[in-house]
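See below for the structure under consideration.
The model shown is predicted, which means the values in this text are computed figures rather than measured ones. Heavy atoms only: backbone and side chains are in, while hydrogens, waters and symmetry mates are out.
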Amino acid sequence: SNNSFLDIQSGILDQFSSVFGKANHCMLLDCQSRDYAYHSLQVKPYRLALINSNVKHENLTSGYNDRPAECKELIGLLNANGCNVESLRDVSLEMLLKHKAKLPPKLFNRGKFIIEENARVLSFIEAMADSDFNLIGDLLVQSHRGLQLEYEVSCVELDILIEIALSQEGVLGGRMMGGGFGGCTLNLIHEDHFDQAIESITSGYLERTGVAATVYPVVLSDGVQLLHYSIAKAESA
């Protein structure tokens, strides 16, 4: 597992989506029950692009592992103040705000992000069903701001990529992806402005950071599959 091999306190998202991914769909995954459902994700006339910052900061492992510990500490404090919760899934924003004065600001922010991010996921599903691309873009930006300012797993380079992207015509939204402290951003860009936006983002990023970003157009594909390969057939071809 990632937890033992990579020494990070990760969840099941990467492994689960890699196996159970479905072409042209996104997956709504309940990481507690392992229940999942597919939702059609048709973004045309927009396109999705991953932009790799090509940086990875030293605090990746420590910062990544700090967050589950901080969330666990927050749950303990809430229970010490009369709540009866097992995880932040059981905590409403109203409950968190009620106890704000008794919580360290850092832990409050961690909880606020988790609670609001869960709500954003459900809003994202509705926005996709309605083809509300403006809302989808807004949700991506809100998510990044939460990751940047409340959960604090972004970094300067990721924030620069998002800042430049949001200043481009045709870009509706973007957010950092993965564990943070480096890695990629996901961007929603109108196909008519795609090439110019990508050029402006990558050139602006290089100018400001001295690092060359890498761009990966996103294709929503099926998960890992076992391919049967016949050596005899290949040799006779």
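Side-chain contact, Q148 with R145: a donor N or O sits under 3.5 Å from an acceptor N or O. The closest side-chain donor-acceptor pair between T214 and N54 falls under 3.5 angstrom. In this model, a donor atom of one side chain and an acceptor atom of the other lie less than 3.5 Å apart for S143 and R175. Between the side chains of S203 and E207, no donor-acceptor pair of N or O atoms lies under 3.5 Å. Side-chain contact of S87 with Q32: a donor-acceptor pair under 3.5 Å is present, judged by distance alone.
When hydrophobic clusters are built by joining Ile, Leu, Val, Met, Phe, Trp and Tyr residues whose side-chain heavy atoms come closer than 4.5 Å, directly or via intermediates, L93 is not grouped with V121. By the criterion of side-chain heavy atoms lying less than 4.5 angstrom apart, applied directly or through intervening Ile, Leu, Val, Met, Phe, Trp or Tyr residues, M95 is grouped together with I115 in one hydrophobic cluster. Note on L74 and Y151: same hydrophobic cluster, where clusters join Ile, Leu, Val, Met, Phe, Trp and Tyr whose side-chain heavy atoms are under 4.5 Å apart, directly or indirectly. Transitive grouping of hydrophobic side chains (ILVMFWY, heavy atoms separated by less than 4.5 Å) keeps L140 and I189 in distinct clusters. Hydrophobic clustering, with ILVMFWY side chains joined whenever heavy atoms are under 4.5 angstrom apart, keeps L48 apart from I51.
Rounded to the nearest 0.5 angstrom, R89 CZ and N118 CG are separated by 6.5 Å. Between atom CG of residue L139 and atom CE of residue M128 there is a gap of 10.5 Å, rounded to the nearest 0.5 Å. Between R67 atom CZ and C71 atom SG the span is 8.5 Å, to the nearest 0.5 Å. To the nearest 0.5 Å, atoms CG (N187) and CG (L161) are separated by 7.5 Å. Taking CZ of F124 as the start and CD of E117 as the end, the distance is 10.5 Å to the nearest 0.5 Å. Interatomic distance, OH of Y36 versus CE of M27, reported as 6.5 Å (0.5 Å rounding).
A salt bridge is defined here as a Lys NZ or Arg NE, NH1 or NH2 lying under 4.0 Å from an Asp or Glu carboxylate O, and K112 with E116 meets this definition. In this structure, R208 pairs ionically with E163, as a charged nitrogen and a carboxylate oxygen lie closer than 4.0 Å. Ion pairing between a basic and an acidic side chain is recognised when a charged N comes within 4.0 Å of a carboxylate O; R120 and D138 show no such pairing.
Shortest non-hydrogen contact noted between I164 and I201 is CG2-CA, 3.6 Å. Nearest heavy atom pair, residue C184 against residue L158, reads O-CD2, 3.8 Å. Considering all non-hydrogen atoms of both residues, A213 and Y205 come closest at CB-CD2, 3.7 Å. When all heavy atoms of I75 and V85 are compared, the pair lying nearest together is CG2-O, 3.7 Å. Contact detail for A127 and L135: the closest heavy-atom pair is CB-CD2, 3.7 Å. Heavy atoms only, all atoms of each residue included: M176 and G178 are closest at CE-O, 3.6 Å.
The shortest distance between side-chain heavy atoms of L206 and V211 does not fall below 4.5 Å. Between N52 and Y216 there is a side-chain heavy-atom pair separated by less than 4.5 Å. Using a 4.5 Å heavy-atom threshold, the side chains of F133 and I136 count as touching. Counting only heavy atoms from C-beta outward, the side chains of E150 and R110 never approach each other to under 4.5 Å. In this structure, the side chains of H57 and E157 come closer than 4.5 Å at one or more pairs of heavy atoms. Between H99 and C83 the shortest side-chain heavy-atom distance falls below 4.5 Å. Using a 4.5 Å cut-off on side-chain heavy atoms (C-beta onward), L78 and L103 make contact. Residues L41 and N24 fail the side-chain proximity criterion, which asks for heavy atoms closer than 4.5 Å.
Between H190 and Y46, the ring planes are perpendicular. Angles over 60° get that label, and only those under 30° would be called parallel.
With hydrogens and angles disregarded, a donor-acceptor distance shorter than 3.5 Å links the side chain of R34 to the backbone of C31. With hydrogens and angles ignored, the 3.5 Å screen pairs a side-chain donor or acceptor of N81 with a backbone N or O of L77. The backbone N or O of K22 sits nowhere less than 3.5 Å from a side-chain atom of D222 that would complete a donor-acceptor pair.
Enclosure of atom CG in N84 is not indicated, since only 12 or fewer non-hydrogen atoms of other residues, nucleotides or ligands lie within 6.0 angstrom. Heavy atoms of other residues, nucleotides or ligands lying less than 6.0 angstrom from CD of E169 number 12 at most.
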Pair L147, F113 - check side-chain contact (heavy atoms from CB on, under 4.5 Å), show working. CA-CA 7 Å; L147 289 159; F113 167 75; 3.3 Å; yes
Determine, stepwise, if the pair H25 / H39 fulfils side-chain contact (heavy atoms from CB on, under 4.5 Å). CA-CA 5 Å; H25 289 74; H39 295 270; 5.7 Å; no
Check step by step if side-chain contact (heavy atoms from CB on, under 4.5 Å) holds for L96 and L88. CA-CA 10 Å; L96 189 69; L88 289 176; 5.9 Å; no
Between V171 and L188, is the side-chain contact (heavy atoms from CB on, under 4.5 Å) condition met? List the steps. CA-CA 6 Å; V171 176; L188 182 65; over 6 Å; no
